[in-house]
Amino acid sequence: MERMRQLQRKIESVRLELDEALLQRDKFDSYYQKSTELDKLIEEYLERKEKVNI
């Protein structure tokens, strides 16, 4: 369960970074990298959540 909480915190952190990158009009590569990182974290979170519910 601790890993799930860590993932939740990291997802929120990266989401805020992504929002800030958009507001600051960062280069596309930087924005894309943050977006990809967020996608991977969400995917890992969902996979772990699914395993717990099985």
Side-chain angles (χ1 to χ4, degrees):
M1 286 308 271
E2 180 59 31
R3 180 64 182 150
M4 294 293 283
R5 283 190 285 272
Q6 289 174 345
L7 281 170
Q8 286 174 326
R9 287 191 296 271
K10 185 65 177 169
I11 287 169
E12 288 302 317
S13 174
V14 173
R15 185 178 297 155
L16 289 173
E17 290 176 18
L18 189 60
D19 288 345
E20 186 62 29
L22 180 61
L23 290 173
Q24 297 298 324
R25 299 178 191 219
D26 283 355
K27 293 181 181 175
F28 177 78
D29 292 341
S30 175
Y31 185 82
Y32 182 78
Q33 181 181 4
K34 291 178 191 312
S35 178
T36 302
E37 180 182 0
L38 181 59
D39 289 346
K40 288 178 184 177
L41 289 168
I42 292 171
E43 182 179 346
E44 181 181 350
Y45 179 85
L46 291 174
E47 286 173 358
R48 287 180 177 269
K49 185 140 179 99
E50 186 176 291
K51 286 180 184 178
V52 169
N53 289 334
I54 291 178

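Within a 6.0 Å sphere centred on CZ of Arg9, heavy atoms belonging to other residues, nucleotides or ligands number more than 12.
For the side chain to side chain donor-acceptor pair (under 3.5 Å) with Tyr45, the qualifying choice from Lys40, Gln6, Gln8 is Gln8, the only one to do so.
Grouping the Ile, Leu, Val, Met, Phe, Trp and Tyr side chains by contacts below 4.5 angstrom, directly or via other members, places Leu16 apart from Ile42.
Taking Ile, Leu, Val, Met, Phe, Trp and Tyr as members and joining any whose side-chain heavy atoms lie under 4.5 Å apart, directly or through other members, the hydrophobic cluster of Phe28 also contains Tyr32.
When all heavy atoms of Val14 and Glu37 are compared, the closest pair comes out as CG2-OE2, 3.6 Å. Nearest heavy-atom pair, Lys10 versus Leu41, reported as atom, atom and distance to 0.1 Å: CG-CD1, 3.4 Å.
Once rounded to the nearest 0.5 Å, the distance linking OG of Ser30 with CG of Leu18 reads 9.0 Å. Taken to the nearest 0.5 Å, the OG1 atom of Thr36 stands 11.5 Å off from the NZ atom of Lys34.
Residues Ile11 and Arg15 have side chains in contact (heavy-atom distance under 4.5 Å, counting atoms from C-beta outward).
With sequence neighbours left out, the salt bridge (charged side-chain N to carboxylate O under 4.0 Å, His left out) criterion links Glu44 to Arg3, Arg48.
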